[in-house]
Student: 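Here it is: the structure, laid out below.
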Amino acid sequence: MQYWLMKSEPHVYSIADLARDGKIGWEGVRNYQARNTMRDLMQVGDLVLFYHSSTEPPGVAGLARISKTGLPDPSQFDAQSDYYDPKSAPETPRWIMVEIEYVETFQQYLSLAELKNLPELAGMVLLQRGSRLSVQPVSPEHFERICKKAGCSAGCISMQEKKV
DNA sequence: GCCAACGTTGGC
DNA sequence: GCCAACGTTGGC
């Protein structure tokens, strides 16, 4: 069981959209490091901090869970899509995605500025200088700290269950 | 809209 | 395989 953070621009797809849809295939990642994380490291049941980027203020908005792994990103084969990749062949898809499902919207939206002010979060990938990865790991300690601060119920409960 | 920090591309 | 040019991300 591992923890992750995934960025989304809320004007494109927000935690409210995920709450409405229930689950969504994480299309459109075109960065190899982020792809490798999704393809090789994420497992069904892992928890994901849902982060709103390019908004005011940016911050962690809620919690999701990995519900499927190893799915070819359909947008790579769609010539109409912004994410179309003509070099990717259907037999050997280059872009592999995961599906995430909605868990909860945090009672307390945690802005990036607030995260920076928590000394326990020093070293988080998100807070590192120049960090742009849209899919990134979160340590259990950092996850727990953020969960508590955000008034999260589901994620922390599931973590307690894992410990027992 | 600016721009720093990366990542990718392609000539050589 | 180097590296300059270009493109993108994302906070500010």
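Numbered from 1 within each chain, the chains take letters A, B, ... in sequence-line order. Computed over heavy atoms, backbone and side chain alike; hydrogens, waters and symmetry mates excluded.
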Student: Under a 4.0 Å threshold between the charged nitrogen and the carboxylate oxygen, would A/D85 count as salt-bridged to A/R30?
Tutor: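 Not counted as a salt bridge, because no side-chain N and carboxylate O are separated by less than 4.0 Å.
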
Student: Starting at NE2 of A/H11 and ending at C1' of C/dG11, how long is that distance when rounded to a whole Å?
Tutor: 14 Å

Student: Nearest whole Å is fine: how far is C/dT9 P from A/D82 CG?
Tutor: 10 Å

Student: Can you see if the side chain of A/K7 gets near the phosphate of C/dG10 - specifically, an N or O under 4.0 Å from OP1 or OP2?
Tutor: yes

Student: Quickly work out the A/E114 CD to C/dG11 P distance and round it to whole Å.
Tutor: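 So the CD-P distance, A/E114 to C/dG11, works out to 15 Å.
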
Student: What is the distance, rounded to the nearest whole Å, between atom CH2 of A/W95 and atom C1' of B/dG7?
Tutor: 11 Å

Student: For A/E9 and C/dT9, what is the distance between atoms CD and C1' respectively, to the nearest whole Å?
Tutor: 8 Å

Student: Just the rounded figure in Å: distance from P of C/dG7 to CZ of A/R132.
Tutor: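 Rounded to the whole Å, the gap is 14 Å.
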
Student: Rounded to the nearest Å, what distance is computed from the CZ atom of residue A/R30 to the P atom of nucleotide B/dG7?
Tutor: 18 Å

Student: How about A/F143 and A/Q2: do any of their side-chain heavy atoms sit closer than 4.5 Å?
Tutor: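 Not in contact.
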
Student: Rounded off to whole Å, could you give me the CG-to-C1' distance for the A/L127 and C/dC12 pair?
Tutor: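 Those two atoms, CG and C1', are 16 Å apart.
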
Student: Taking the side chain of A/Q33 as its heavy atoms from C-beta onward, which of B/dT8, B/dG7, C/dG11 lies nearest to it?
Tutor: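 Within the option list, the nearest is B/dG7.
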
Student: Could you please name the option among B/dT9, C/dG11, B/dT8 that lies closest to any side-chain atom of A/Y32?
Tutor: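 For A/Y32, the side-chain atoms sit closest to B/dT8.
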
Student: Enter the distance from A/M97:CE to A/T69:OG1 here, rounded to the nearest 0.5 Å.
Tutor: 11.0 Å

Student: Looking at side-chain heavy atoms only, is the closest gap between A/N36 and A/L41 below 4.5 Å?
Tutor: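 Not in contact.
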
